[in-house]
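For reference, the structure is listed below as structure tokens.
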Amino acid sequence: MKRNLLLLLVSVAAVSAQEGSIVARGNPGDAGLFANGKYLGPASRFTVPEKYMLEPGEYEVVLRDPRYEEFTTKITIAPKKKTTIRYSLTKLPEPQGPFGTLRLGGDGTASFMSVAAGDTGAVYLNNKFYGYVDELNNPNGGLLLPVGTYKLSIRNSSFDMERDVTIQADTETLVPLIKQ
């Protein structure tokens, strides 16, 4: 049993040692980075590109921001190598108002950070990527949206939330981040 466990640990370490990385540089810098459909996180934070580890292989990479057209490319991750993607997203037409604000936050019992520390959650409205939790869960953050009802989904490795949210004109809608 000990020998099997040791062999398993050695094989996991060997696979991890072969990982390569991906870095995306471009505009807008905070676009969401997806590899083979899986959300990895923002391309950058505070103008510093994020580095994401991936197993060697072929990937379809998509960069998404709700204000821009998507950027899609195919890449090959090589063992122990960094792959850099350069992109510039094309701006979409401005949405029409009236607008309200969506903001995420805790309710005093459990905040998102206590549920999923260190794992940025992807925020979706009506199944379209709109950003990540870090952008929307502070008093100065939020998402300006046209008035209406949206299906809000937040997903990461340890937290899934889905609910309907109604945005009203000139109003901030605060959605508590708690496990359901």
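Between Val61 and Leu33, some side-chain heavy-atom pair lies under the 4.5 Å cut-off. Side-chain contact between Tyr130 and Leu136: absent, with no pair of heavy atoms (C-beta onward) separated by less than 4.5 Å. Within the 4.5 Å cutoff, the side chain of Ile154 has heavy atoms near those of the Leu104 side chain. Side-chain contact between Thr173 and Gln168 is absent, with no heavy atoms from C-beta onward closer than 4.5 Å. Side-chain atoms of Met161 and Val175, non-hydrogen and from C-beta on, do get closer than 4.5 Å to each other.
Classified by interplanar angle (parallel below 30°, tilted 30° to 60°, perpendicular above 60°), the ring pair Phe71/Tyr87 is tilted.
Across Asp30 and Pro42, no two heavy atoms sit closer than the pair O-CB, 4.3 Å. The minimum heavy-atom distance between Ser21 and Ile77, with the atom names listed, is O-CD1, 3.7 Å. When all heavy atoms of Glu69 and Leu89 are compared, the pair lying nearest together is O-CD2, 3.6 Å. Listed here is the closest heavy atom pair of Pro56 and Glu19: CD-CA, 4.3 Å. Residues Glu58 and Asn36 come closest through the heavy atom pair O-ND2, 3.6 Å. For the residue pair Phe129 and Ala122, the shortest heavy atom distance occurs at CE1-CB, 4.1 Å.
Here Phe34 contributes atom CZ and Tyr52 contributes atom OH; the two are 10.5 Å apart, rounded to the nearest 0.5 Å. Interatomic distance, CD1 of Ile75 versus CD1 of Ile22, reported as 3.5 Å (0.5 Å rounding). The line from CG of Leu63 to CG of Leu40 is 9.5 Å long, rounded to the nearest 0.5 Å. Expressed to the nearest 0.5 Å, how far OG of Ser44 lies from CG of Asn27 amounts to 9.0 Å. In this structure, CD on Glu70 lies 4.0 Å from CZ on Arg64, to the nearest 0.5 angstrom. Annotation: the span from Tyr68 atom OH to Thr90 atom OG1 amounts to 10.0 Å, rounded to 0.5 Å.
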Go through it in stages, so that I can follow the logic: the residues are Leu143 and Val123, the test is side-chain contact (heavy atoms from CB on, under 4.5 Å), and I'd like the CA-CA distance, side-chain angles, deciding distance and then a yes or no.
CA-CA 11 Å; Leu143 186 60; Val123 177; 5.6 Å; no
Leu125 vs Leu152, test: side-chain contact (heavy atoms from CB on, under 4.5 Å). Steps then yes/no.
CA-CA 5 Å; Leu125 294 170; Leu152 169 67; 3.8 Å; yes
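Residues Val23 and Tyr132 do not share a hydrophobic cluster, defined by chaining ILVMFWY side chains whose heavy atoms lie under 4.5 Å apart. Under the 4.5 Å side-chain heavy-atom criterion for Ile, Leu, Val, Met, Phe, Trp and Tyr, Ile167 and Phe99 are members of distinct hydrophobic clusters.
Every side-chain contact (heavy atoms from CB on, under 4.5 Å) that Ser153 has, sequence neighbours left out, goes to Tyr124, Lys151, Arg155, Glu162.
Heavy-atom neighbours of Lys38 NZ from other residues, nucleotides or ligands within 6.0 Å: at or below the threshold of 12.
Listed for the Asn126 side chain is no donor-acceptor partner under 3.5 Å among the backbone atoms of Lys128.
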